[in-house]
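Shown next, in structure tokens, is the structure this report addresses.
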Amino acid sequence: MKTLIIYATKHGSTKKCADFLKDRLDGEITVVNIKNDFDINLKQFDKIIIGGSIYMGKIQKEITEFSNKNIDILCTKKVGLFICGMNNSAEIEINNAFPKMLLENALIRECFGGEFIFKTMNFFERFIVRTVSKSNKDISKISEEKINNFAEVMNDKNTNIPK
């Protein structure tokens with residue numbers, strides 16, 4: 001089985017999650033940052049995992065464009081969707097991040113959590129995060145448990161594409 005993990009990241013947390021997930025998946029895994037490689041032959045993959053980070057309630061435009069452009073082929077694959085973010089309204093954010101048809105087709109949808117790593121932020125972002133979180137320290141709320149559970153579902157050979 002060949003699996004593609006396609007992601008977009010702003011500060012590196014989504015890449016960290018994609019790499020962590022890769023290590024837990026069976027078969028041949030390809031990891032692609034959509035910001036570096038927008039032209040991918042999806043037909044060669046059995047499973048496709050799409051992930052991005054949520055900022056100001058939105059996922060990266062590259063993920064939105066990729067999902068919309070490839071919706072027909074994605075709906076013929078075993079698909080998993082994930083987001084990274086620090087907000088507590090993960091289900092709403094996942095539902096807003098991906099097209100409805102893709103959400104209905106997905107084997108699993110999950111929020112892996114997120115991070116505030118100050119050295120990766122610009123001045124404005126640091127100011128906002130410090131104000132909201134009331135902290136100057138890096139914060140990581142990435143859930144290894146959620147990533148492990150996601151991998152288990154994607155690895156399940158008995159799981160069929162939802163209708």
Side-chain angles (χ1 to χ4, degrees), residues 3-26 29 31-35 42 45-117 120-121 125 128-135 138-156 158-163:
T3 302
L4 171 67
I5 301 174
I6 189 153
Y7 72 94
T9 191
K10 184 171 181 178
H11 296 296
S13 296
T14 307
K15 179 186 181 340
K16 185 186 290 186
C17 289
D19 290 340
F20 191 84
L21 179 60
K22 176 188 177 199
D23 294 339
R24 281 142 185 81
L25 293 170
D26 297 336
I29 315 300
V31 180
V32 174
N33 182 342
I34 190 97
K35 291 184 176 187
L42 300 179
F45 297 97
D46 305 295
K47 300 176 186 179
I48 300 173
I49 298 169
I50 307 169
S53 49
I54 301 295
Y55 289 94
M56 308 273 261
K58 299 213 178 277
I59 200 162
Q60 288 88 350
K61 70 177 192 253
E62 294 88 353
I63 293 294
T64 301
E65 290 170 2
F66 173 83
S67 298
N68 288 326
K69 176 184 172 189
N70 296 291
I71 192 76
D72 291 336
I73 193 163
L74 290 170
C75 287
T76 67
K77 305 288 184 176
K78 293 183 178 184
V79 173
L81 306 171
F82 75 90
I83 61 170
C84 292
M86 295 291 277
N87 199 335
N88 292 330
S89 56
E91 188 168 336
I92 292 168
E93 289 178 337
I94 288 172
N95 290 335
N96 290 335
F98 298 101
K100 184 178 181 191
M101 189 184 308
L102 189 56
L103 288 161
E104 290 171 353
N105 187 65
L107 299 174
I108 186 168
R109 304 175 295 224
E110 187 61 78
C111 177
F112 292 162
E115 295 181 312
F116 293 141
I117 308 297
T120 65
M121 298 177 192
E125 292 167 328
I128 290 173
V129 170
R130 282 187 182 122
T131 302
V132 172
S133 70
K134 296 179 176 65
S135 176
D138 292 347
I139 301 168
S140 181
K141 292 186 177 181
I142 292 175
S143 172
E144 289 185 28
E145 180 181 349
K146 288 182 178 183
I147 296 172
N148 288 333
N149 291 340
F150 190 99
E152 282 181 34
V153 170
M154 293 305 295
N155 285 333
D156 187 347
N158 298 318
T159 306
N160 294 319
I161 299 169
K163 297 286 182 201

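Along the sequence shown, residues carry numbers from 1.
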May I ask you to test the [X]-[Y] pair for a side-chain heavy-atom distance under 4.5 Å?
X: L102; Y: V79; value: yes
X: N33; Y: K15; value: no
X: L25; Y: I49; value: yes
X: S143; Y: I147; value: no

What distance separates R24 CZ from D19 CG, expressed to the nearest 0.5 Å?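 Answer for the CZ-CG pair, R24 versus D19, is 10.5 Å.
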Please report the interatomic distance CD1(I63) to CD1(I83), rounded to the nearest 0.5 Å.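 Answer for the CD1-CD1 pair, I63 versus I83, is 12.0 Å.
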If you count heavy atoms of other groups shown closer than 6.0 angstrom to CD1 of I92, is the number above 12?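 At most 12 heavy atoms, drawn from other residues, nucleotides or ligands, come within 6.0 Å of this atom.
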N68 side-chain N/O to T64 backbone N/O, donor-acceptor pair under 3.5 Å: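 Yes.
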For the pair K77 (side chain) and F45 (backbone), establish whether a donor and an acceptor sit closer than 3.5 Å, ignoring hydrogens and angles.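 Yes; judged by distance alone, with no hydrogens or angles, the pair exists.
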Which atom names give the shortest non-hydrogen contact between K10 and Q60, and what distance separates them?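 Looking at all heavy atoms of both residues, the shortest contact is N-NE2, 3.7 Å.
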Do you know which two heavy atoms are closest between R109 and E104, and how far apart they sit?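 Looks like NH1-N, 4.4 Å.
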Can you check whether F20 and F112 have ring centres sitting under 6.0 Å from each other?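 No, the ring of F20 stays outside the 6.0 Å limit from the ring of F112, centre to centre.
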Give me the one residue out of I50, V31, I34 that meets side chain to side chain contact (heavy atoms under 4.5 Å, CB included) with Y7.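 Testing each of I50, V31, I34 against Y7, the sole residue satisfying side chain to side chain contact (heavy atoms under 4.5 Å, CB included) is V31.
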